[in-house]
**Student:** 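Got a structure for you, written out below as structure tokens; questions coming shortly.
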Amino acid sequence: MNQQIIDLLRKIADLLEIKGEVIYKILAYRKAADSLENLGGDIREAWRQGKLTEVPGVGKAIAEKIDEWITTGRLEFLEKLQAEVPGSLVELLQVTDLGPKKAALFWKQLGITNLSELEAAARAGQLRDLPGMGEKSESRILAGLEALARRSDRAPLGKAWPFAQELLAYLRSIPGVQQVQIGGSLRRMSATVGDLDIVAGASHSLPVMQAFTGHPDVVRILGQGETKSSVEFSHHLSAQLWVLPPERFGTALQYATGSKDHNVRLRELALKKGLSLSESAFQRPDGSEILCASEAEVYDQLGLPFIPPELREDRGEVQAALAGTLPILLELSDIRAELHAHTTWSDGKLDIRQLADAALQRGHKALAITDHSGSLGVAGGLKIEDLRAQRAEIDAVQAQLGDSLRLLQGCEVEIRADGSLDFPDQVLASLDIVIASLHSSLRQERQQVTQRLLKAIENPHVDIIGHPTGRLIPNREGADLDMEAIFQAAAQHQVALEINAHPSRLDLDDAHARRAIQSGVSLSINTDAHSASDLDLLFFGVATARRAWSTTEDVLNAWPVERLLSWLESRR
DNA sequence: GCCGTTTTCGGCCCGACTGTTTTCAGTCG
């Protein structure tokens with residue numbers, strides 16, 4: 001439902017833009033869509049309470065349209081608009097170098113309304129003779145169409161991150177490069193990344209640009225200039241590089257990190273101080289410049305404390321910075337326990353001792369062994385009778401480890417299709433910690449799947465709900481859950497919700513995690529490790545929690561271990 | 001279409017790159 005409304009507003013914006021409507025009306029629809037997306041809550045719920053106009057960027061007109069659409073399933077405004085501008089024209093905007101003006105041109109001059117008609121016209125050489133077009137523009141559009149056809153959408157964080165590290169090392173090795181930093185959505189640690197934005201500080205840009213566009217994995221140079229170049233790599237990731245003099249590195253990095261909306265906020269703030277802010281400098285009305293070599297100087301100039309990149313989504317961080325109420329964000333080093341990990345007792349690769357050693361190496365003070373319960377056959381789930389033998393092994397390893405690491409016997413118990421749990425209550429009661437998770441029947445109706453999860457939350461033996469929505473990036477959307485109901489129940493029963501740190505899950509996502517915190521729910525950031533190296537994925541989970549404005553207080557396994565253990569004991 | 005510590009009307013962020021142009025329009029981030 002949320003996504004449908006957001007898509008609806010974006011479609012209106014696109015069509016208005018092709019129609020040639022004043023840009024600010026278009027921006028208003030996009031801003032409202034962004035704002036609703038960042039809400040993290042249920043739009044229908046806000047609508048039911050008559051609070052739509054309290055959402056920033058949603059005023060009377062857009063609220064009425066949302067109301068009409070929810071109430072009737074239709075929107076007269078959009079229908080009228082589509083009578084003027086074919087709805088399928090928005091497809092064209094996905095093509096690189098093709099914006100609303102050209103889409104309108106192709107439609108009005110050649111009657112093109114969709115991608116296949118566009119491709120036919122481009123191949124027939126019909127585009128080059130249009131005003132403002134030429135042979136190069138035509139072939140760029142063809143290239144854009146081909147790129148679209150093989151596009152793998154946004155790259156998951158887990159794929160973009162390691163490649164970016166390699167690229168940074170490559171750029172650092174270029175003579176004359178004084179600083180290099182990743183920016184963009186990757187620095188903000190968004191779950192998926194469109195392309196890589198990189199900023200380098202160097203006195204002479206040309207050699208850096210040549211090295212960048214000459215990288216061995218580059219298959220296509222999309223643009224090349226003195227301060228900015230962009231390329232496409234063989235594995236379909238694109239990257240752009242800004243090169244500025246080191247004394248301008250701060251403004252450039254701030255700019256390239258975004259988000260766009262965050263940058264707009266900063267520029268508004270700069271204007272109020274009589275300054276104009278760009279990627280190269282602050283500028284006074286008389287034209288003189290204020291240079292910033294570091295990003296901290298940019299924020300300082302605006303009278304703001306440094307805002308961590310993960311917060312820069314225009315979700316209230318600038319207002320909070322002005323008010324001095326930015327949260328002290330959780331750090332990776334704050335996590336003291338791994339509470340979700342698998343061993344050879346189910347589908348893990350390591351035995352209990354090996355996993356314990358791996359956890360110790362990473363500085364953990366506690367480790368929960370949480371193998372799958374029996375009904376998850378594919379994962380070799382434990383039978384009830386296995387639990388006693390597993391407990392004996394855990395006790396033996398604990399004796400070897402002494403006080404260095406506290407082991408907990410737990411399990412990841414399956415929430416069955418009817419909402420009952422895989423193990424009976426007296427078995428769950430014998431365990432130190434219980435995670436309940438959905439793995440199957442994720443396609444159930446909203447009402448049914450929500451009830452399933454609520455039933456698990458209400459079970460007094462359940463401590464944590466694992467990867468609550470079951471989403472898999474990029475292929476599977478999560479279950480259609482009433483998240484607000486989940487948050488309320490979790491808060492009431494003091495059940496923690498997991499941020500599963502695996503980059504293909506990141507579940508809860510950032511927006512949901514923030515709503516959870518606001519609802520008084522505790523989080524648990526877990527890697528769901530099946531091997532030693534999986535334990536290092538914690539980093540991505542912490543980043544997601546930081547995007548949710550999470551402090552150590554919000555996260556169970558960032559508490560001192562004694563507090564965590566007594567919390568668990570108090571629930572047994 | 002939205003919004004208010006210069007405003008309830010008149011604003012709404014800034015610059016680089018490219019291609020088609022004889023100074024600029026379109027697109028992108």
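Here is how names work: the chains are called A, B, and so on, in the same order as the sequence lines, proteins then strands, and each is numbered from 1. Below, each value reflects all heavy atoms present in this structure, side chains not excepted, and no hydrogens, waters or symmetry copies.
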**Student:** Would you kindly give the NZ-to-C1' distance between A/K272 and B/dG11, to the nearest whole Å?
**Tutor:** 12 Å
**Student:** Could you list by number each residue of residues 47-55 of chain A showing a heavy-atom separation from DNA chain B of less than 4.0 Å, or answer none if no residue does?
**Tutor:** none
**Student:** Using a strict 4.0 Å threshold on nitrogen-to-oxygen distance, state whether A/D42 and A/R446 make a salt bridge.
**Tutor:** yes
**Student:** Could you tell me the separation between the CZ atom of A/R220 and the CD atom of A/E146, rounded to the nearest 0.5 Å?
**Tutor:** 7.0 Å
**Student:** Are A/E84 and A/K80 within salt-bridge range, i.e. N to O under 4.0 Å?
**Tutor:** no
**Student:** In whole angstrom, what separates A/E138's CD from B/dT20's C1'?
**Tutor:** 14 Å
**Student:** Roughly how many Å apart are B/dA16 and B/dT22, using the P atom of each and rounding to a whole number?
**Tutor:** 23 Å
**Student:** B/dT18, OP1 or OP2 - any side-chain N/O from A/S137 closer than 4.0 Å?
**Tutor:** no
**Student:** When you compare B/dT20 with B/dT27, how far apart are their P atoms, in angstrom units rounded to a whole number?
**Tutor:** 13 Å
**Student:** Measuring only the P atom in each nucleotide, how far is B/dG1 from B/dC14? A whole number of Å is fine.
**Tutor:** 25 Å
**Student:** Please confirm whether the shortest side-chain N or O distance from A/K65 to OP1 or OP2 of B/dG1 is below 4.0 Å.
**Tutor:** yes
**Student:** What integer distance in Å separates A/I23:CD1 from B/dC2:P?
**Tutor:** 16 Å
**Student:** For A/K51, is there an ion pair with A/E45 - N to carboxylate O distance below 4.0 angstrom?
**Tutor:** no
**Student:** Just call it for A/L271: base, sugar-phosphate, or nothing, with non-hydrogen atoms closer than 4.0 Å on any strand.
**Tutor:** sugar-phosphate
**Student:** Here's one to test your reading of the geometry: is the NZ or CZ of A/R312 within 45 degrees of the ring axis of A/Y255 and under 6.0 Å from its centre?
**Tutor:** no
**Student:** Charged N to carboxylate O under 4.0 angstrom, A/E313 versus A/R514?
**Tutor:** no
**Student:** Do A/P503 and A/P156 come within less than 4.5 Å of each other through their side chains, counting heavy atoms only?
**Tutor:** no
**Student:** Within this structure, what is the NZ-to-C1' distance between A/K25 and B/dC12, rounded to whole angstrom?
**Tutor:** 15 Å
**Student:** Taking B/dC12 as the reference, what is the distance to B/dG19 when you measure between their P atoms (whole Å, please)?
**Tutor:** 32 Å
**Student:** I need the CZ-P distance between A/F282 and B/dC14, as an integer number of Å.
**Tutor:** 12 Å
**Student:** Determine: side-chain N/O of A/R140 to OP1/OP2 of B/dG19, distance under 4.0 Å, yes or no.
**Tutor:** yes
**Student:** Does anything in residues 302-325 of chain A come within less than 4.0 Å of DNA chain B? Heavy atoms only, and list the residues if so.
**Tutor:** none
**Student:** Any ion pair linking A/R315 and A/D34 (charged N to carboxylate O, less than 4.0 Å)?
**Tutor:** no
**Student:** Determine the interatomic distance between C1' on B/dC13 and the same-named atom on B/dG29; round to the nearest Å.
**Tutor:** 12 Å
**Student:** May I ask you to test the A/D14-A/Y29 pair for a side-chain heavy-atom distance under 4.5 Å?
**Tutor:** no
**Student:** With a 4.0 Å cut-off on N to O distance, would you call A/R265 and A/D314 a salt bridge?
**Tutor:** yes
**Student:** Verify the contact: side-chain N or O of A/T227 to OP1 or OP2 of B/dC17, cut-off strictly under 4.0 Å; return yes or no.
**Tutor:** yes
**Student:** Quote, to the nearest angstrom, the P distance that separates B/dG11 from B/dC17.
**Tutor:** 31 Å
**Student:** Under 3.5 Å for both donor-acceptor distances, Watson-Crick or wobble: does B/dT8 have a partner, and if so which one?
**Tutor:** none
**Student:** Nearest whole Å is fine: how far is B/dG1 P from A/L15 CG?
**Tutor:** 14 Å
**Student:** Classify the glycosidic conformation of B/dT6 as syn or anti, calling it syn when the angle lies within 90° of 0.
**Tutor:** anti
**Student:** Quick one: does A/T72's side chain have a donor or acceptor within less than 3.5 Å of a partner on A/R74's backbone?
**Tutor:** yes
**Student:** Between A/E119 and A/R123, does any side-chain N to carboxylate O distance fall below 4.0 Å?
**Tutor:** yes
**Student:** Atom CD1 of A/I66 to atom C1' of B/dG1: distance rounded to whole Å?
**Tutor:** 12 Å
**Student:** Do the rings of A/Y299 and A/H262 sit parallel, tilted or perpendicular, given the 30° and 60° boundaries?
**Tutor:** tilted
**Student:** What's touching nucleotides 27-29 of chain B from the protein side, N or O pairs under 3.5 Å?
**Tutor:**
unit_1, atom_1, unit_2, atom_2, d
B/dT27, OP1, A/G99, N, 2.7
B/dT27, OP1, A/G99, O, 3.2
B/dT27, OP1, A/K102, N, 3.1
B/dT27, OP2, A/K101, N, 3.2
B/dT27, O5', A/G99, N, 3.4
B/dC28, OP1, A/D97, N, 3.0
B/dG29, O3', A/Q240, NE2, 3.4
B/dG29, N2, A/Y255, OH, 2.9
B/dG29, N3, A/Y255, OH, 2.9

**Student:** Between B/dG15 and B/dG10, how far apart are the P atoms? Round to whole Å, please.
**Tutor:** 26 Å
**Student:** Please work out if A/K60 contacts a base, only the sugar-phosphate, or nothing of the nucleic acid, heavy-atom cut-off 4.0 Å.
**Tutor:** sugar-phosphate
**Student:** Please determine, for the side chain of A/K136, which listed nucleotide (B/dT20, B/dG1, B/dT6) has the closest atom?
**Tutor:** B/dT20
**Student:** Return the value, rounded to whole Å, for the distance between atom OH of A/Y24 and atom P of B/dC2.
**Tutor:** 16 Å
**Student:** Both A/G225 and A/S276 contact DNA chain B. Which one's nearest nucleotide lies toward the 5' end?
**Tutor:** A/S276
**Student:** Could you tell me whether the side chain of A/E310 reaches within less than 4.5 Å of the side chain of A/R547, counting heavy atoms only?
**Tutor:** yes
**Student:** If you assign A/L277 and A/P131 each to the DNA chain B nucleotide with the nearest heavy atom, which residue ends up on the more 5' nucleotide?
**Tutor:** A/L277
